[in-house]
**Student:** 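I'd like to ask some things about the structure below.
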Amino acid sequence: MSGRITNHKSRITQSQRGRWPRLLAAALLPFVSGCANVGYYWQSVSGQLDIWRRERPVEEVMGDAATSEALRQKLAAVTRIREFASRELGLPDNRSYRSYANLERPFAVWNVFAAPEFSVQPVQSCFLFAGCVLYRGYFAKDGAERFAAGLAEQGYDVYVGGVPAYSTLGWFADPVFSTFIHYPEAEIARLLFHELAHQVVYVKDDTVFNESFAVVVEQEGVRRWLARAGDTEGREAFERNRRIRAEFSRLIEKHRERLDALYRTPQAPAAMRDRKRAILGELEAEYRALKTGWGGFAGYDPWFAREPNNAQLATVAIYTQRVPAFEALLQREDGDLARFYGVVRQLAALPREQRGAQLAALSPIRDK
């Protein structure tokens with residue numbers, strides 16, 4: 001359930017919501033093809049329906065005597081962030097993130113990433129509205145793990161990662177989830193700005209373009225949010241975390257490029273496998289050295305505890321590969337977000353190769 005939206009108001013009434021099971025089933029099931037089966041689409045439909053059953057308007061939750069003061073304060077912050085997003089960042093002014101859903105689980109969805117044993121290119125999954133993306137999402141962890149296990153049996157590198165939120169790209173009004181409401185305020189803002197950015201521009205079949213664009217919007221949005229609040233301490237913490245994320249991303253990309261070069265050489269599988277293992281071991285050693293300068297931050301330790309593979313490295317590249325180009329573009333437009341969005345829409349309309357060439361000219365990176 002995904003697609004592209006222009007800025008417009010949307011509201012789902014109770015009577016409309018009651019019709020969604022039939023509408024979704026009618027829309028989705030006839031189009032099931034080789035890229036997904038009925039079971040997969042049905043878990044998507046039932047997962048979305050479960051969320052609708054749980055959501056309530058933010059104002060209603062805040063006014064409920066049973067709501068904890070901590071949650072009430074977080075939702076008040078969400079309301080301020082949401083208004084700021086549309087008023088100051090030019091993000092869609094619609095019903096997204098104006099309701100709250102307690103999911104009673106740690107993540108909203110679990111994404112499955114896969115890549116061949118000797119390739120850094122993630123496997124695509126294709127869907128009705130979003131086109132082809134470089135992962136496959138499940139509302140239940142066991143469903144994601146079963147799918148991943150099947151791919152692993154076929155020899156793929158796999159990675160299953162929980163995510164706190166997802167975007168229906170304006171097809172429906174996305175709620176605030178319990179999976180991220182406990183985050184620090186700046187992190188909530190970062191997540192909302194990112195997901196709303198997908199409603200501004202979304203290109204079918206180009207996950208890296210979409211995610212890199214949204215990362216730049218989120219970063220610029222949080223900078224402005226913290227500056228407006230005069231939160232010097234928060235601004236310093238955000239910049240420190242951004243620097244750490246950038247250093248981590250560069251480290252991953254460095255070793256991903258080494259693996260890519262390895263996989264292009266003519267070697268026997270056993271030799272290739274040994275060298276792959278060595279490169280991944282060197283990645284972990286460099287990480288341990290790098291994090292000594294992070295002031296005790298160890299947030300990526302669980303990531304390395306999974307024994308990284310091609311699929312796991314791809315999860316970083318998807319979100320960061322084009323970030324320098326979009327940052328350069330925003331700077332070229334003097335930080336004017338309206339102009340920035342306009343140029344990004346123009347890029348989105350270009351053929352993929354031409355779009356990539358123009359981004360590469362802004363901040364050259366090696367296309368794969």
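Just so you know, residue 1 is the first one in the sequence shown, and it goes up from there. Note that the coordinates shown come from a computational prediction; the quantities given were computed from them, not determined experimentally.
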**Student:** Give me the one residue out of E60, E83, E55 that meets salt bridge (charged side-chain N to carboxylate O under 4.0 Å, His left out) with R98.
**Tutor:**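 Among E60, E83, E55, the one that satisfies the salt bridge (charged side-chain N to carboxylate O under 4.0 Å, His left out) with R98 is E83.
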**Student:** Do W52 and L49 have side chains that approach each other closer than 4.5 Å (heavy atoms only, starting at C-beta)?
**Tutor:**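 Heavy-atom side-chain distance check passes, below 4.5 Å.
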**Student:** Just verifying a value: how many Å separate L251 CG and L283 CG, rounded to the nearest 0.5 Å?
**Tutor:**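 That separation rounds to 5.0 Å.
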**Student:** In terms of side-chain geometry, is the basic nitrogen of E211 or R322 positioned less than 4.0 Å from the acidic oxygen of its partner?
**Tutor:**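 R322 and E211: not salt-bridged.
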**Student:** Testing the basics here: between L362 and A328, what is the closest heavy-atom pair and its distance to 0.1 Å?
**Tutor:**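 Heavy atoms only, the tightest pair is O-CB, 3.9 Å.
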**Student:** Is there a side chain to side chain contact (heavy atoms under 4.5 Å, CB included) between L337 and L330? Walk through the geometry before answering.
**Tutor:** CA-CA 7 Å; L337 285 171; L330 179 59; 3.9 Å; yes
**Student:** Take L280 and E284 through the side chain to side chain contact (heavy atoms under 4.5 Å, CB included) test and state the conclusion after the steps.
**Tutor:** CA-CA 6 Å; L280 291 172; E284 186 165 4; over 6 Å; no
**Student:** So, taking the atom named CG in L262 and the one named CZ in R273, what distance separates them when rounded to the nearest 0.5 Å?
**Tutor:**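 If I round to the nearest 0.5 Å, the distance is 11.5 Å.
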**Student:** Find out whether V217 and H194 are in side-chain contact, i.e. whether some heavy atom of one side chain is under 4.5 Å from a heavy atom of the other.
**Tutor:**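 No, their side chains stay 4.5 Å or more apart.
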**Student:** Donor-acceptor pair, distance only, cut-off 3.5 Å: does the side chain of T292 make one with the backbone of A289?
**Tutor:**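 Here the side-chain-to-backbone pair exists.
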**Student:** With side chain to side chain contact (heavy atoms under 4.5 Å, CB included) as the test, would you mind laying out the steps for T320 and V215 before giving the verdict?
**Tutor:** CA-CA 8 Å; T320 62; V215 166; 6.0 Å; no
**Student:** Taking atom types as modelled and ignoring hydrogens, do the side chains of Q199 and S96 form a donor-acceptor contact shorter than 3.5 angstrom?
**Tutor:**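 Indeed, the side chains of Q199 and S96 share at least one donor-acceptor pair under 3.5 Å.
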**Student:** Do F139 and Y166 pass the ring pair (Phe, Tyr, Trp, His ring centres under 6.0 Å) test, and can you show the C-alpha distance, the side-chain angles, and the key distance before you say yes or no?
**Tutor:** CA-CA 11 Å; F139 282 93; Y166 65 93; 5.6 Å; yes
**Student:** Take Y138 and W110, measure what ring pair (Phe, Tyr, Trp, His ring centres under 6.0 Å) needs, and give me the verdict at the end.
**Tutor:** CA-CA 5 Å; Y138 286 81; W110 283 262; 9.8 Å; no
**Student:** Got a sec: does the CD of E307 have more than 12 other heavy atoms crowding it under 6.0 Å?
**Tutor:**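 12 or below, so no.
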**Student:** Ignoring hydrogens and angles, state whether a donor on the side chain of Q267 or T265 is under 3.5 Å from an acceptor on the partner side chain.
**Tutor:**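 Indeed, the side chains of Q267 and T265 share at least one donor-acceptor pair under 3.5 Å.
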**Student:** Less than 4.0 angstrom from a charged side-chain N to a carboxylate O is my criterion; do R288 and D301 meet it?
**Tutor:**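 Judged by the 4.0 Å cut-off on N to carboxylate O distance, R288 and D301 do not form a salt bridge.
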**Student:** So, do W225 and F193 have ring centers that fall under 6.0 Å from each other?
**Tutor:**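 No; F193 has its ring centre 6.0 Å or more from that of W225.
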**Student:** Would you sort out whether R190 and E187 count as a salt bridge (Lys or Arg N to Asp or Glu O under 4.0 Å), showing the intermediate values?
**Tutor:** CA-CA 5 Å; R190 186 168 73 90; E187 289 300 306; 2.8 Å; yes
**Student:** Heavy atoms only: give me the nearest P308-L313 pair and the separation to one decimal.
**Tutor:**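 Closest approach of P308 to L313, heavy atoms only: CB-CD1, 3.8 Å.
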**Student:** Can you tell me how far the OH atom of Y319 sits from the CD1 atom of I252, to the nearest 0.5 Å?
**Tutor:**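 Rounded to the nearest 0.5 Å, the OH-CD1 separation comes to 15.5 Å.
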**Student:** State, with a plain yes or no, whether a side-chain heavy atom of L290 is found less than 4.5 Å away from one of E247.
**Tutor:**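 When only atoms from C-beta onward are counted, E247 and L290 do touch, with a gap below 4.5 Å.
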**Student:** Go through the steps for Q312 and D157 under the test side chain to side chain donor-acceptor pair (under 3.5 Å), then give the verdict.
**Tutor:** CA-CA 8 Å; Q312 192 165 340; D157 283 8; over 6 Å; no
**Student:** Between D336 and A338, is there a donor-acceptor pair closer than 3.5 Å when you use the side chain of the first and the backbone of the second?
**Tutor:**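 Side chain of D336 to backbone of A338, a donor-acceptor pair under 3.5 Å: yes, one is there.
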**Student:** In Å, rounded to the nearest 0.5 Å, how long is the span from NE2 of H182 to NZ of K74?
**Tutor:**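 Interatomic distance, H182 NE2 to K74 NZ, rounded to 0.5 Å: 8.5 Å.
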**Student:** For R54 and A101, indicate whether the former's side chain and the latter's backbone hold a donor-acceptor pair under 3.5 Å.
**Tutor:**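 No: the side chain of R54 does not pair with the backbone of A101.
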**Student:** Under the ring pair (Phe, Tyr, Trp, His ring centres under 6.0 Å) criterion, do F213 and F340 qualify, and how do the steps go?
**Tutor:** CA-CA 10 Å; F213 163 69; F340 174 64; 5.8 Å; yes
**Student:** Sub-3.5 Å donor-acceptor pair from the side chain of T179 to the main-chain atoms of P164, do we have one?
**Tutor:**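 Yes; judged by distance alone, with no hydrogens or angles, the pair exists.
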**Student:** Are any side-chain N or O atoms of R258 and backbone N or O atoms of K254, one a donor and one an acceptor, separated by less than 3.5 Å?
**Tutor:**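 No, because the side chain of R258 does not come within donor-acceptor range (under 3.5 Å) of the backbone of K254.
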**Student:** Between Y40 and R136, is there a cation-pi geometry (under 6.0 Å to ring centre, at most 45° from the normal)?
**Tutor:**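 So R136 does make the cation-pi contact.
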**Student:** Scan side-chain atoms only and decide if S86 and R82 contain a donor-acceptor pair under the 3.5 Å cut-off.
**Tutor:**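 A donor-acceptor contact under 3.5 Å links the two side chains.
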**Student:** Any side-chain heavy-atom pair from L196 and V200 closer than 4.5 angstrom?
**Tutor:**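 No, too far: nothing below the 4.5 Å cut-off.
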**Student:** Strictly below 4.0 Å, N to O, side chains only: are E220 and R224 in salt-bridge contact?
**Tutor:**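 A salt bridge is present here (some side-chain N lies under 4.0 Å from a carboxylate O).
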**Student:** Look up atom OG1 in T67 and atom CZ in R56, then write down how far apart they are to the nearest 0.5 Å.
**Tutor:**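 That separation rounds to 6.0 Å.
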**Student:** For a quick test of reading the model, state the closest non-hydrogen atom pair linking G155 to E117 and the distance between them.
**Tutor:**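 Heavy atoms only, the tightest pair is O-CB, 3.8 Å.
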**Student:** Indicate yes or no for a side-chain donor-acceptor contact from R72 to the backbone of M62 under 3.5 Å, with no hydrogens or angles considered.
**Tutor:**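 Present.
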**Student:** Taking the six-membered ring of F209 (Phe, Tyr or Trp), confirm whether the NZ or CZ of R355 is under 6.0 Å from its centre and within 45° of its axis.
**Tutor:**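 The answer is yes, since R355 meets both limits relative to F209.
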**Student:** Atom CD of E185 and atom CD of Q73: how far apart are they, to the nearest 0.5 Å?
**Tutor:**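 Rounded to the nearest 0.5 Å, the CD-CD separation comes out at 10.5 Å.
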**Student:** Taking atom CD of E69 as the centre, report whether more than 12 heavy atoms of other residues, nucleotides or ligands fall under 6.0 Å from it.
**Tutor:**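 Check passes, neighbour count above 12.
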**Student:** Salt-bridge test for E282 and R275: reply yes if a basic N is under 4.0 Å from a carboxylate O, no otherwise.
**Tutor:**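 Salt bridge flag = yes for R275 with E282.
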**Student:** Using modelled atom types only, decide if a donor and an acceptor are shared between the side chain of R105 and the backbone of F107 within a distance under 3.5 Å.
**Tutor:**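 Judged by distance alone, yes, a pair lies under 3.5 Å.
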**Student:** What are the two closest heavy atoms between R243 and G293, and how far apart are they?
**Tutor:**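 Smallest interatomic distance, heavy atoms only, reads NH2-O, 4.1 Å.
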**Student:** After noting the C-alpha distance and the side-chain angles of F297 and K291, does the key distance pass the side chain to side chain contact (heavy atoms under 4.5 Å, CB included) rule?
**Tutor:** CA-CA 7 Å; F297 177 81; K291 76 172 186 175; over 6 Å; no
**Student:** Between T315 (side chain) and A311 (backbone), is there a donor-acceptor pair under 3.5 Å?
**Tutor:**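 Such a contact is absent between T315 side chain and A311 backbone.
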**Student:** Could you tell me if the side chain of S119 sits less than 4.5 Å from the side chain of L259, heavy atoms only?
**Tutor:**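 Result no, sub-4.5 Å side-chain heavy-atom pair not found.
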**Student:** Around atom CD of E286, are there more than 12 heavy atoms from other residues, nucleotides or ligands closer than 6.0 Å?
**Tutor:**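 Above 12, so yes.
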**Student:** Before giving the answer on ring pair (Phe, Tyr, Trp, His ring centres under 6.0 Å), spell out for Y100 and F177 the whole-Å C-alpha distance, their side-chain angles and the decisive distance to 0.1 Å.
**Tutor:** CA-CA 6 Å; Y100 174 74; F177 292 144; 8.8 Å; no
**Student:** Less than 4.5 Å apart, side chain to side chain, heavy atoms only: is that true for I181 and L71?
**Tutor:**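 Side-chain contact under 4.5 Å: yes.
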**Student:** Considering all heavy atoms of both residues, which atom of A114 and which atom of Y156 are nearest to each other, and what is their separation?
**Tutor:**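 Looks like CB-CB, 4.5 Å.
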**Student:** Judged by atom type as modelled, is there a donor-acceptor pair below 3.5 Å linking the side chain of R256 to the main-chain atoms of V120?
**Tutor:**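 Yes; judged by distance alone, with no hydrogens or angles, the pair exists.
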**Student:** Between D174 (side chain only) and Y97 (backbone N and O only), is there a donor and an acceptor less than 3.5 Å apart?
**Tutor:**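 No; zero donor-acceptor contacts below 3.5 Å.
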**Student:** Are R240 and E236 within salt-bridge range, i.e. N to O under 4.0 Å?
**Tutor:**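 Salt bridge absent between R240 and E236.
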**Student:** What I want to find out is whether R87 reaches D93 closely enough, with some N-O distance under 4.0 Å, to be called a salt bridge.
**Tutor:**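 Looking at R87 and D93, the cut-off is not met.
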**Student:** Just by distance, no angles: are the side chains of N310 and Y159 close enough, under 3.5 Å, to form a donor-acceptor pair?
**Tutor:**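 There is no such pair (donor and acceptor under 3.5 Å, judged by atom type) between the side chains of N310 and Y159.
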**Student:** What closest approach, in Å, do V158 and A152 show between heavy atoms, and which atom pair accounts for it?
**Tutor:**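 Result for this residue pair: CG1-N, 3.9 Å.
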